[in-house]
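Written out below as structure tokens is the structure these notes cover.
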2 protein chains.
Amino acid sequence: MIRILLVDDDSKIRDMVTEYSQAESWLFDKAANGIEALRLMEKHSYNLIILDVMMPGLDGWGTLRRVRQDSDIPVIMLTARDEEYDRLLGFELGADDYIGKPFSPRELIARIKALLKRSGAYDTVREVIEARSLFIDTSARQVKLADNTLTLTPREYDLLAFMAARPGQAFTRDQLLNHVWGIDYVGDARTVDSHIKSLREKLGPERELIATVWGTGYRFEGGKNR
Amino acid sequence: MIRILLVDDDSKIRDMVTEYSQAESWLFDKAANGIEALRLMEKHSYNLIILDVMMPGLDGWGTLRRVRQDSDIPVIMLTARDEEYDRLLGFELGADDYIGKPFSPRELIARIKALLKRSGAYDTVREVIEARSLFIDTSARQVKLADNTLTLTPREYDLLAFMAARPGQAFTRDQLLNHVWGIDYVGDARTVDSHIKSLREKLGPERELIATVWGTGYRFEGGKNR
DNA sequence: CAATATTGTGTTGAATTTGTGATAGATGAA
DNA sequence: TTCATCTATCACAAATTCAACACAATATTG
């Protein structure tokens with residue numbers, strides 16, 4: 001079971017969120033401020049916490065700070081404004097995601113799902129991606145070429161798995177950076193090339209599975225499309 | 001390619017929006033009511049839908065309900081008033097954002113951008129443009145002629161994809177420069193001719209798909225017109 | 001028909017993009 | 001701590017693309 005703590009002083013928002021997420025069969029606990037939230041956290045453990053920034057008493061930042069003292073629970077912050085300063089402060093304090101008010105419940109739910117998935121709260125569905133003689137076991141994070149197991153570095157694996165899951169689609173280097181490295185990563189786009197290079201090296205005879213899309217980026221040639 | 005469906009019974013609004021968004025090189029399809037919109041959605045997939053609430057026949061709410069039955073496409077609603085009731089009804093039905101009429105095109109464009117961005121993938125819709133024996137896979141950036149894959153340069157591809165997505169429409173060289181090369185490109189308009197030439201060469205038997213419009217520019221003959 | 005305007009095409013040096021090896025710093029395990 | 005990866009970035013070579021130009025071919029006009 002997935003248990004989520006929603007902390008917001010506005011009861012309308014609390015009700016709205018729980019109502020529109022009924023289809024997900026998550027268990028919601030609600031708190032109106034940071035103090036209440038911390039009390040609940042002593043009693044229960046949560047898969048995810050949603051924290052409003054502006055609250056009377058202990059606000060969202062203070063609560064987040066306390067939460068991070070002894071846990072890595074995924075946290076989504078609700079900020080009134082979408083200001084750069086808030087985002088930076090939040091990342092520094094260890095928030096995992098953001099939503100600016102007003103938001104649509106649909107969006108919040110989508111982000112909850114994404115974050116739960118990322119944190120591994122859902123049992124990963126065992127899925128094996130096949131392409132020619134390449135087999136990618138996504139739950140084991142293991143890649144086989146014919147009968148040999150390849151030893152890929154984490155980045156190499158993530159990059160390969162991401163592209164192989166979307167065969168036939170061309171990605172720009174920036175898209176790959178966003179999806180594989182993370183949305184807030186800043187750095188040289190050519191870094192992607194380096195990892196593509198070492199991937200191709202390890203793929204050996206199947207190196208052609210990763211095609212260069214000139215002027216754009218790369219594409220995994222998987223035969224089967226989505 | 002980013003493809004957007006704009007549904008509004010007021011043709012003035014339809015024209016205004018497409019005009020102001022020229023710099024974005026999005027592909028707009030337009031419909032005057034829900035029925036038309038649903039018909040278009042059967043034929044194409046969209047990155048985003050903009051729905052006017054007040055329309056004769058099938059209105060915005062009804063259309064939204066139908067859309068949500070089988071897709072998660074981001075939807076922006078155009079409401080005449082900015083009433084709380086409308087917002088709540090819309091969220092319940094699964095709208096992603098709102099904009100109250102009258103609105104500034106600038107604001108709508110900003111919201112479209114924001115929604116495309118946070119809808120995760122600022123990625124292209126998977127769509128294959130067909131014309132005779134030519135197949136253009138816009139997400140793979142790949143073009144097939146019958147069964148052979150053509151190797152186009154980036155410019156050639158962009159030019160072909162842009163024109164083929166708007167069959168039957170004549171473009172001046174300047175328009176093509178603006179849309180394909182970019183709004184701030186300066187250079188000889190005849191450069192377009194060079195690329196048209198090499199495209200025709202590679203199209204071989206289907207070279208006639210690109211027609212010369214004397215005194216104006218070029219047109220892609222796609223059969224189906226929009 | 002001739003004169004003019006517009007488009008087609010081959011060529012080419014410059015510019016852009018990608019492949020690759022080297023390397024220093026970061027990270028994490030022993 | 002030391003050691004062994006891993007990672008990002010750089011620089012240079014190789015591959016590819018591009019814009020522009022000149023001239024040929026074709027269409028339009030009067």
Side-chain angles (χ1 to χ4, degrees), chain A residues 72 141-143 149-163 170-204 206-221, chain B residues 141-143 149-163 170-221:
Chain A
D72 282 325
R141 285 181 68 93
Q142 190 169 259
V143 179
T149 300
L150 297 183
T151 48
L152 302 184
T153 70
R155 275 274 194 273
E156 285 163 9
Y157 173 84
D158 288 339
L159 182 57
L160 178 63
F162 176 80
M163 295 182 69
F171 294 99
T172 65
R173 292 174 176 72
D174 282 338
Q175 284 176 324
L176 292 173
L177 282 180
N178 279 340
H179 285 117
V180 178
W181 274 252
I183 195 83
D184 49 333
Y185 178 84
V186 282
D188 191 340
R190 293 296 309 280
T191 295
V192 175
D193 298 38
S194 284
H195 290 270
I196 292 283
K197 173 187 163 280
S198 37
L199 260 180
R200 281 172 170 165
E201 223 162 69
K202 293 182 182 178
L203 288 178
E206 298 287 35
R207 55 161 37 232
E208 288 168 18
L209 282 171
I210 300 178
T212 302
V213 185
W214 241 85
T216 301
Y218 300 95
R219 178 179 57 215
F220 187 89
E221 308 276 15
Chain B
R141 283 183 72 93
Q142 199 166 247
V143 179
T149 299
L150 299 185
T151 47
L152 302 184
T153 70
R155 277 274 197 273
E156 285 163 9
Y157 173 85
D158 288 338
L159 182 57
L160 178 63
F162 176 81
M163 295 181 68
F171 295 98
T172 65
R173 292 174 177 73
D174 281 337
Q175 283 175 321
L176 292 173
L177 282 179
N178 279 339
H179 284 114
V180 178
W181 274 252
I183 196 82
D184 48 343
Y185 177 83
V186 283
D188 190 340
R190 292 298 311 281
T191 294
V192 174
D193 297 38
S194 284
H195 289 271
I196 292 284
K197 174 194 161 275
S198 36
L199 258 181
R200 282 172 170 164
E201 211 169 282
K202 292 182 182 178
L203 288 179
E206 297 287 34
R207 55 161 38 233
E208 289 167 19
L209 282 172
I210 300 178
T212 302
V213 185
W214 234 83
T216 304
Y218 299 95
R219 178 179 57 214
F220 187 89
E221 309 275 18

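Convention: sequence-line order gives letters A, B, ...; per-chain numbering from 1.
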Which heavy atom of [X] sits nearest a heavy atom of [Y], and at what distance?
X        : Y        : value
B/Ala170 : B/Val213 : CB-CG2, 3.9 Å
A/Arg219 : B/Gln142 : NH2-OE1, 3.0 Å
A/Ala211 : A/Arg200 : C-NH2, 3.8 Å

Take the protein atom [atom1] of [X] and the nucleotide atom [atom2] of [N], then report the distance between them rounded to whole Å.
X        : N      : atom1 : atom2 : result
B/Lys197 : C/dG10 : NZ    : C1'   : 6 Å
B/Arg200 : D/dA25 : CZ    : P     : 17 Å
B/Trp214 : D/dT29 : CH2   : C1'   : 10 Å
B/Glu156 : C/dT17 : CD    : P     : 15 Å
B/Trp181 : D/dA20 : CH2   : P     : 10 Å
A/Arg173 : D/dT9  : CZ    : C1'   : 14 Å
B/Leu177 : D/dC18 : CG    : P     : 14 Å
B/Leu176 : D/dC18 : CG    : C1'   : 17 Å

Is a donor-acceptor pair below 3.5 Å formed from side chain A/Ser194 to base D/dT9, judging by atom type as modelled?
yes
Heavy atoms under 4.0 Å, any strand shown: does [X] hit a base, just sugar-phosphate, or nothing?
X        : value
B/Arg207 : nothing
A/Thr216 : sugar-phosphate
A/Tyr218 : sugar-phosphate

